[in-house]
Amino acid sequence: MEARTGRSFVHGELIGLGVVLMSGLQGNAQARAIAFLDRCRVQWRPEQMGLDRATLHAVLTDLPRYVREAGLPHSILDEIELDGATVDRLLDPILALTPIDHD
């Protein structure tokens, strides 16, 4: 995300978004991850981090290549086709969530 946007992010917020997205991709307890992050007051939602759909889409579709080139450990990204339609199905419910005001 940082390489694509040229911005720095709060580490926990970006990791939180990744946990939510990857739990959805893997069919894990995504709602549980969301509830946990919200209880911890982590601002993981894309809108809270100033991330739009186009940026998220580009990062996610490029993620398998990035993981391979970086030599990262084997993961779900090595097992699936992360094409545009899959990314859209992954992003739709996340982007539809209303940000929680943690002020």
Side-chain angles (χ1 to χ4, degrees):
M1 189 67 70
E2 292 173 338
R4 170 74 64 167
T5 64
R7 294 176 38 210
S8 294
F9 294 89
V10 174
H11 183 73
E13 293 173 357
L14 196 54
I15 294 300
L17 174 59
V19 166
V20 169
L21 290 169
M22 291 303 107
S23 65
L25 189 61
Q26 296 176 66
N28 291 335
Q30 188 178 49
R32 184 175 176 201
I34 290 169
F36 177 79
L37 290 165
D38 287 345
R39 277 193 314 275
C40 292
R41 301 171 62 93
V42 174
Q43 293 191 2
W44 64 268
R45 287 171 167 77
E47 184 176 310
Q48 292 169 314
M49 293 189 296
L51 295 170
D52 61 22
R53 181 184 197 93
T55 300
L56 290 166
H57 201 281
V59 167
L60 288 169
T61 54
D62 192 46
L63 193 54
R65 181 201 57 80
Y66 175 84
V67 167
R68 279 190 308 277
E69 288 179 3
L72 297 176
H74 186 84
S75 73
I76 184 85
L77 297 171
D78 298 299
E79 301 294 326
I80 62 157
E81 178 68 32
L82 199 53
D83 59 15
T86 302
V87 170
D88 285 335
R89 283 192 303 275
L90 188 60
L91 289 176
D92 286 346
I94 300 306
L95 294 173
L97 295 174
T98 303
I100 292 179
D101 182 10
H102 290 296
D103 291 334

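Values below: every heavy atom of this structure, side chains too, minus hydrogens, waters and symmetry copies. Sequential numbering from 1 along the given sequence is applied to the chain's residues.
Pairing each heavy atom of T55 with each of L51, the nearest pair is CG2-CD2, 4.3 Å. Across every non-hydrogen atom of I34 and L97, the tightest pair is CD1-CD1, 3.9 Å. V42 and G12 make their closest contact through CG1-O, 3.8 Å (heavy atoms, listed as atom of the first residue, atom of the second, distance). Closest approach of P46 and I94 over heavy atoms only: CD-CG2, 4.0 Å.
In this structure, H74 places its NE2 atom where more than 12 heavy-atom neighbours from other residues, nucleotides or ligands lie under 6.0 Å away. Atom CD of E47 sits in a sparse spot, with 12 or fewer heavy atoms from other residues, nucleotides or ligands closer than 6.0 Å.
With 3.5 Å as the limit, one finds no donor-acceptor pair spanning the side chains of H57 and D52.
Residues near F36 contribute nothing to a hydrophobic cluster around it, because no ILVMFWY side-chain heavy atom sits closer than 4.5 Å to its side chain.
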Quick one, R89 with D83, criterion salt bridge (charged side-chain N to carboxylate O under 4.0 Å, His left out). Give me CA distance, side-chain angles, the key distance, then yes/no.
CA-CA 10 Å; R89 283 192 303 275; D83 59 15; 5.1 Å; no
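A salt bridge between D38 and R45 is present, with a side-chain N of the basic residue lying under 4.0 Å from a carboxylate O of the acidic one.
By the rule that hydrophobic residues join a cluster once side-chain heavy atoms approach within less than 4.5 Å of another member, W44 and V10 end up as members of separate clusters. In the hydrophobic cluster analysis, where Ile, Leu, Val, Met, Phe, Trp and Tyr join through side-chain heavy atoms closer than 4.5 angstrom, Y66 is grouped apart from I15. Taken together through direct or relayed side-chain contacts under 4.5 Å among Ile, Leu, Val, Met, Phe, Trp and Tyr, L63 and F9 form part of one hydrophobic cluster.
Within the 4.5 Å cutoff, no side-chain heavy atoms of L17 are placed close to those of E13. Two residues are said to be in side-chain contact when any heavy atoms from C-beta on lie closer than 4.5 Å; L21 and L90 meet this criterion. Using a 4.5 Å heavy-atom threshold, the side chains of L25 and I80 count as touching. The side-chain heavy atoms of L95 and L56, taken from C-beta on, include a pair separated by under 4.5 Å.
Checked against side chain to side chain donor-acceptor pair (under 3.5 Å), R68 has no partners two or more places apart in sequence or in another chain.
Rounding to the nearest 0.5 angstrom, the gap separating the CD atom in E81 from the OG1 atom in T61 is 10.5 Å. Within the model, atoms CZ of R4 and CG of L60 stand 10.0 Å from one another, a figure rounded to the nearest 0.5 Å. Of the inter-residue distances, the one linking Q30 atom CD with M22 atom CE reads 10.0 Å to the nearest 0.5 angstrom.
One N or O on the side chain of D78 and one on the backbone of S75 form a donor-acceptor pair closer than 3.5 Å. In this structure a side-chain-to-backbone donor-acceptor pair under 3.5 Å is present from S23 to V19.
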